[in-house]
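Here the structure is laid out as structure tokens; the discussion comes afterwards.
Lettering of chains follows the sequences in order, A, B, ..., and the numbering in each one begins at 1.
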Amino acid sequence: MKVVAGHSWDLSPGEAVRVQRTLAARVTLTDDAGPVRYISGVDVAAGSRFRPDRPARAAVVTVRWPELTPVEQVVMNVEIRFPYIPGLLSFREIPALLPVLERMRYRPDLLIVDGQGIAHPRRLGLAAHLGVLLDVPAIGCAKSRLIGTLQGDLGDVRGAAMPLQDGGECVGYALRTRTGVRPVYVSPGHRVSRESAVTWVMSLAVRYRLPQPTHLAHQAAAGRHVAPVT
DNA sequence: GCGACAG
DNA sequence: ATCTTGTCGC
């Protein structure tokens, strides 16, 4: 798929924050995705700091909706330069994902990202940043919380959800995708509403805690064999 | 100054 | 994130 980086990725933390403030204004929270046929999950497996020789690996797995059968998988060894800094994750992972995204033959109708959407200090988490950059509907589904607070206790039954609030606004939801298992943190990334983001993640998390596209991308990035791509 | 902190 | 198989618990 075509990818147009509107700026350099060789930035200082301070410059990255500036970019986020600018791009955050482009995020849309309106559901305008047309008929959804293909959904892609992306993930990056960082190289071990104990083995700098081993490269990091970026992966994208596209599945057909609603069967959730893989139709395409792209995995590449990549080099990561930007360090992990809470709040600036996208500047570390997006450069690694670009070459993988460019090799995709399918244009996803929806992107599921392993990270936050607008549940971010400047409302531009990895999912929102990717969504705006690619102009594709995107949803952030993180395994842990970056910002925001929950009112009370989240029920422990699959489907339980509770607003994640920050600065007086709802930036997403804590969502229990599996009974008795830690919740995930769902927030819209781009061109998706808060409610739809939750509905999509529930519909996609049919087997594991994480949505199938994300789970498959994670496996692929980890170098494990995944279900045959048809 | 102190605590929090996606992957 | 990463080091890693079996094992304890509901």
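Under the 4.5 Å side-chain heavy-atom criterion for Ile, Leu, Val, Met, Phe, Trp and Tyr, Val201(A) and Val42(A) are members of distinct hydrophobic clusters. Grouping the Ile, Leu, Val, Met, Phe, Trp and Tyr side chains by contacts below 4.5 angstrom, directly or via other members, places Leu97(A) apart from Val61(A). Hydrophobic clustering (ILVMFWY, side-chain heavy atoms < 4.5 Å, transitive): Val171(A) and Leu175(A) are in distinct clusters.
A side-chain N or O of Asp31(A) and one of Ser193(A) form a donor-acceptor pair less than 3.5 Å apart.
For Trp65(A) and Tyr38(A), the gap between ring centers reaches or exceeds 6.0 Å.
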Classify every nucleotide of nucleotides 5-10 of chain C by which part a protein heavy atom approaches to under 4.0 Å, writing B for the base, S for the sugar-phosphate alone and - for neither, in 5'-to-3' order. ------

In 5'-to-3' order, the base (B), backbone-only (S) or no-contact (-) status of each nucleotide in nucleotides 2-7 of chain B, using a 4.0 angstrom heavy-atom cut-off, is --SBBB

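Between His215(A) and Tyr208(A), the two ring planes are parallel [angle under 30°; tilted spans 30° to 60°].
Closest approach of Gly87(A) and Gln20(A) over heavy atoms only: O-NE2, 2.9 Å.
Contacts between residues 186-204 of chain A and DNA chain B, defined by a heavy-atom separation below 4.0 Å, involve no residue at all.
Looking only at distances, no side-chain donor or acceptor of Gln212(A) sits under 3.5 Å from a matching main-chain atom of Arg207(A).
One distance of note links CZ of Arg182(A) with CG of Leu154(A); it measures 13.0 Å at 0.5 Å rounding.
Only one option out of Val132(A), Leu111(A), Thr30(A), Asp135(A) pairs with Arg191(A) in a side-chain contact (heavy atoms from CB on, under 4.5 Å); it is Asp135(A).
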